[in-house]
Amino acid sequence: RFKRIEKLSQRLNDAQRSRGLHMHRPPHGGLASECAAWSSGKPLSRILDPDLTPGDFVRSIRQLIDLLRQIAQTTHNEQLRDTSLLAIDSLNRGVVAATQGGQS
């Protein structure tokens with residue numbers, strides 16, 4: 001899915017460039033694999049690499065959970081709401097749940 005998002009972003013940048021518009025910042029999938037690993041239940045010790053501190057990881061996951069909550073609260077699409085809530089449940093565990101307001 002991320003590859004499709006990257007291709008869409010590139011097409012959007014091409015269209016913006018051809019019209020002389022300010023180009024958006026392309027998506028960065030830097031934590032996509034780490035988020036997927038965490039949501040599937042892998043321990044933090046197996047996810048982190050030397051460039052990713054536990055604090056940065058937790059902060060990023062908390063931001064993702066906040067975004068998912070906003071989607072769940074504002075969408076009229078029941079499937080999207082349910083998927084967002086399931087994603088929150090899978091991400092909000094361990095050290096993430098133990099941080100500021102971590103319990104959903």
**Q** Same cluster for Ile61 and Leu48 if Ile/Leu/Val/Met/Phe/Trp/Tyr side chains link at under 4.5 Å?
**A**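 In one cluster: yes.
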**Q** I need the Glu34 CD to Ser39 OG distance, nearest 0.5 Å.
**A**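 Reported to 0.5 Å precision, the distance equals 11.5 Å.
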**Q** Could you tell me whether the side chain of Arg62 reaches within less than 4.5 Å of the side chain of Asn92, counting heavy atoms only?
**A**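 Result yes, sub-4.5 Å side-chain heavy-atom pair found.
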**Q** Hey, could you give me the CZ/CG distance between Arg25 and Asn13, rounded to the nearest 0.5 Å?
**A**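 Taking CZ in Arg25 and CG in Asn13, the distance rounds to 12.0 Å.
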**Q** When rounded to the nearest 0.5 angstrom, what distance separates CZ in Arg69 from CG in Leu64?
**A**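 Those atoms lie 11.0 Å apart.
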**Q** Please examine the side chains of Val95 and Pro54, heavy atoms only from C-beta on, and report whether any two atoms are closer than 4.5 Å.
**A**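 Side-chain contact under 4.5 Å: no.
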**Q** What residue pairs, at least two apart or across chains, pass salt bridge (charged side-chain N to carboxylate O under 4.0 Å, His left out) with a residue in residues 38-58?
**A**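 Applying salt bridge (charged side-chain N to carboxylate O under 4.0 Å, His left out) to every pair that reaches into residues 38-58, excluding sequence neighbours, yields Asp56-Arg59.
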**Q** Restricting to salt bridge (Lys or Arg N to Asp or Glu O under 4.0 Å), what partner residues turn up for Arg17, sequence neighbours left out?
**A**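 So Arg17 forms a salt bridge (Lys or Arg N to Asp or Glu O under 4.0 Å) with Asp14.
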**Q** Answer yes or no: is there a side-chain heavy-atom contact under 4.5 Å between Leu67 and Gln63?
**A**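 With C-beta onward as the side chain, the pair stays apart.
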**Q** Any side-chain heavy atom of Leu91 sitting closer than 4.5 Å to one from Val96?
**A**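 They are not in side-chain contact.
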**Q** For Ala87, give me all partners under side chain to side chain contact (heavy atoms under 4.5 Å, CB included), at least two apart in sequence or on another chain.
**A**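 Checked Ala87 against side chain to side chain contact (heavy atoms under 4.5 Å, CB included); matches are Leu68.
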**Q** Say whether, by atom type as modelled, one donor and one acceptor occur between the side chain of Thr75 and the main chain of Ala72 under 3.5 angstrom.
**A**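 Looks like no, no N/O pair under 3.5 Å.
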**Q** To the nearest 0.5 Å, what is the distance between CG on Asp89 and CD1 on Ile65?
**A**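 Reported to 0.5 Å precision, the distance equals 9.5 Å.
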**Q** Compare every heavy atom of Ser18 with every heavy atom of Ala15, then report the nearest pair and how far apart it is.
**A**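 Scanning both residues completely, I find the closest heavy atoms to be O-OG, 2.9 Å.
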**Q** Got a second to check how far Phe57's CZ is from Ile47's CD1, nearest 0.5 Å?
**A**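 Between Phe57 CZ and Ile47 CD1, I get 4.5 Å after rounding to 0.5 Å.
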**Q** Any chance you could measure Asp66, atom CG, to Ile71, atom CD1, to the nearest 0.5 Å?
**A**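 So the gap between those two atoms works out to 10.0 Å.
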**Q** With the threshold set at 4.0 Å, does a side-chain nitrogen-carboxylate oxygen contact exist between Glu6 and Lys3?
**A**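 Yes, Glu6 and Lys3 are salt-bridged.
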**Q** Please report the closest heavy-atom contact between Pro27 and Ser9, naming both atoms and the distance.
**A**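 Distance-wise, the nearest heavy atoms are CD-OG, 3.2 Å.
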